[in-house]
S.K.: 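My structure is below; once you've seen it, I'll send some questions.
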Amino acid sequence: MRSEKRAGTGVARGGIPIETSYSNAPNQTIDVGGTSFAYRDLGPSTDVPVIFLNHLAAVLDNWDPRVVDGIAAKQRVITFDNRGIGGSGGSTPDTVEAMANDAIAFIRALGFEKVDLLGFSLGEMVAQTIAKLEPHLVRKMILAGTGPAGGVGIDKVTRITVLDILKGYLTFKDPKHYLFFTTTTHGRQEARRFIKRLEERTVDRDMPIAIRSLVAQLKAIHAWGVQQPADLSTIRQPVFVANGDHDRMVPTSNSVDLARRLPNSEIKIYPDAGHGGIFQFHDQFVPQVLAFLGRSAL
């Protein structure tokens, strides 16, 4: 059963209106085939919402509020925890296709017949798969920080992730310092700013990912990395591809290859940026996405 609360203008103490942002958007749940899925819903009531598909090990609080709020200023944005992640029930599947089917079921449960997808990293793999399984459901896609099935180096994500988690533990830093950003002075500065932004929400935060769910996600990514390349010419929707120029997790060449193989795509590569380039360059990424979404599809 769907919760009817929408994030809009709230009222602070003393009756002063406040605008809802991602830092205070209410947590909601919806029943999807007997499983409770957690989500947040904010922005204007546009006909086609933007569904955010999250990265490895991420929950609701791992989306950069500058990206969410920036896009939600013009478009309805819905972020959610897929099956078994964060506040959602069930067990996390270990294939990208199963994750895509769960995302489709969530979208259908909310009553949408057409959506835009913004997928980052693992979420981009899920977005690609949704477009192939249910092409009529998808209007446009933003695909960031990843590449096509069988892409170069994607099968190495598990090793890189485990090593950087250990490095973060030993240096008392969030592993995303190393996984998402370059080691240049500018990259280190942007990493600190990003991590600080993720801490802006102080109440009703999501539950962290369980180890068993992380293992399932890593298994799904590895399988994506070793499988045979798919025919992407069947994805006819407009696609905006974005990445940093020094992505350690999913080498940037994969994003270039992805854009080349998609028949209706455009690409943006951000300088001195890693896997989290869209967060580092949120001030450029957001207006680029809004312009892309605002253009009429051919």
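In this text the structure is predicted, and so the values were computed from the model without any measurement.
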S.K.: So which heavy atom on P148 is nearest to which on Q128, and how close?
M.R.: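 Taking P148 first and Q128 second, the nearest heavy atoms are CA-NE2, 4.0 Å.
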S.K.: If I take atom OG from residue S255 and atom CD from residue E124, how far apart are they, to the nearest 0.5 angstrom?
M.R.: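 One finds 7.5 Å between OG of S255 and CD of E124.
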S.K.: Which pairs, with at least one residue in residues 220-248 and sequence neighbours excluded, count as a salt bridge (Lys or Arg N to Asp or Glu O under 4.0 Å)?
M.R.: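 Checked against salt bridge (Lys or Arg N to Asp or Glu O under 4.0 Å) - neighbours excluded - the pairs reaching residues 220-248 are D164-R248.
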S.K.: Please collect all side-chain hydrogen bond (donor to acceptor under 3.5 Å, both in side chains) contacts where either partner lies in residues 103-114, sequence neighbours excluded, each pair once.
M.R.: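 Pairs touching residues 103-114 that pass the test: R108-E134.
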S.K.: Is the distance from the ring center of Y39 to that of F80 below 6.0 Å?
M.R.: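 No, the ring centres sit 6.0 Å or more apart.
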S.K.: Where is the tightest heavy-atom contact between S36 and T29, given as atom of each residue plus distance?
M.R.: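 Where S36 meets T29 most closely, the heavy atoms are OG-CB, 3.5 Å.
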S.K.: Can you tell which of R192, H186, E190 makes a side chain to side chain contact (heavy atoms under 4.5 Å, CB included) with R188?
M.R.: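 Answer after filtering R192, H186, E190: R192.
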S.K.: Do F292 and I142 come within less than 4.5 Å of each other through their side chains, counting heavy atoms only?
M.R.: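 Yes, close enough: below the 4.5 Å cut-off.
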S.K.: Verify the ring-centre separation between F285 and F279: is it less than 6.0 angstrom?
M.R.: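 No, the ring centres sit 6.0 Å or more apart.
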S.K.: Taking the side chain as every heavy atom from C-beta outward, state whether Q237 and P135 have any pair of such atoms under 4.5 Å apart.
M.R.: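 They are in side-chain contact.
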S.K.: Under 6.0 Å from the NE2 atom of H177, do we count more than 12 heavy atoms belonging to anything else shown?
M.R.: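 Correct, the count exceeds 12.
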S.K.: Do V286 and R66 make a side-chain contact, defined as non-hydrogen atoms from C-beta onward lying under 4.5 Å apart?
M.R.: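 The answer is no, as the side chains (C-beta and beyond) never meet within the 4.5 Å cut-off.
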S.K.: Would W63 and F52 count as a close aromatic pair, with their ring centres under 6.0 Å?
M.R.: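 Between W63 and F52, the centre distance is under 6.0 Å.
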S.K.: Answer yes or no: is there a side-chain heavy-atom contact under 4.5 Å between F106 and I30?
M.R.: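 Touching, per the 4.5 Å side-chain cut-off.
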S.K.: Which pairs with one or both residues in residues 206-225 pass side-chain hydrogen bond (donor to acceptor under 3.5 Å, both in side chains), sequence neighbours excluded?
M.R.: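 Counting only pairs at least two positions apart or across chains, the side-chain hydrogen bond (donor to acceptor under 3.5 Å, both in side chains) contacts touching residues 206-225 are T92-S213, D94-K219.
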S.K.: Do L53 and L118 have side chains that get closer than 4.5 Å, going by heavy atoms?
M.R.: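 In short, these two side chains do not touch, never coming nearer than 4.5 Å.
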S.K.: Quick one about H246 and T252 (side-chain donor to acceptor, distance below 3.5 Å, no hydrogens or angles considered), yes or no?
M.R.: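 T252 vs H246: no donor-acceptor pair found between side chains.
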S.K.: Would the number of heavy atoms belonging to other residues, nucleotides or ligands and lying under 6.0 Å from CD1 of I211 be above 12?
M.R.: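 Not buried by this count: 12 neighbours or fewer within 6.0 Å.
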S.K.: Does the plane of the ring in F180 sit parallel, tilted or perpendicular to the ring in F194? Use 30° and 60° as the thresholds.
M.R.: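 Tilted.
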S.K.: Less than 4.5 Å apart, side chain to side chain, heavy atoms only: is that true for I104 and L133?
M.R.: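 Yes, close enough: below the 4.5 Å cut-off.
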S.K.: Output yes when a side-chain donor or acceptor of S265 lies under 3.5 Å from a complementary backbone atom of A259, and no otherwise.
M.R.: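 Looks like yes, one N/O pair under 3.5 Å.
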S.K.: Would K268 pass as a cation-pi partner of F240, given that its NZ or CZ must be under 6.0 Å from the six-membered ring centre and within 45 degrees of the axis?
M.R.: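 Checked: cation-pi criterion not met.
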S.K.: Do you see a donor-acceptor pair shorter than 3.5 Å between the side chains of Y178 and T183?
M.R.: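 Judged by distance alone, the side chains do not pair up.
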S.K.: Show the nearest heavy-atom pair for residues L117 and I107, with the distance to one decimal.
M.R.: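 Scanning both residues, the minimum pair turns out to be CD2-CD1, 4.3 Å.
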S.K.: Should the pair D64-R197 be classified as a salt bridge under the 4.0 Å nitrogen-to-oxygen rule?
M.R.: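 Between R197 and D64 there is a salt bridge, with a charged N closer than 4.0 Å to a carboxylate O.
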S.K.: Can a side-chain donor-acceptor contact be found between S91 and R83 if the only test is distance below 3.5 angstrom?
M.R.: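 No, S91 and R83 have no side-chain donor paired with an acceptor closer than 3.5 Å.
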S.K.: Only one of D61, D81, D69, D204 passes salt bridge (Lys or Arg N to Asp or Glu O under 4.0 Å) with R40; say which it is.
M.R.: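 That would be D61; it is the only one of D61, D81, D69, D204 passing the salt bridge (Lys or Arg N to Asp or Glu O under 4.0 Å) with R40.
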S.K.: Specify the closest pair of heavy atoms between F181 and G187, including all atoms of both residues, with the distance to one decimal.
M.R.: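 In terms of heavy atoms, the two residues are closest at CB-O, 3.7 Å.
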S.K.: Do L179 and I160 come close enough that some side-chain heavy atom pair is under 4.5 Å?
M.R.: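 Result yes, sub-4.5 Å side-chain heavy-atom pair found.
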S.K.: Within a reach of under 6.0 Å around CD of E97, are more than 12 heavy atoms found that belong to other residues, nucleotides or ligands?
M.R.: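 Incorrect, the count does not exceed 12.
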S.K.: Could you report the tightest heavy-atom contact between D31 and A109, atom names first, then the distance?
M.R.: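 Taking D31 first and A109 second, the nearest heavy atoms are O-CB, 4.2 Å.
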S.K.: Taking all atoms of both residues into account, what is the closest heavy-atom pair of A103 and I130, and its distance?
M.R.: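 For A103 and I130, the tightest heavy-atom pair comes out as CB-CD1, 3.8 Å.
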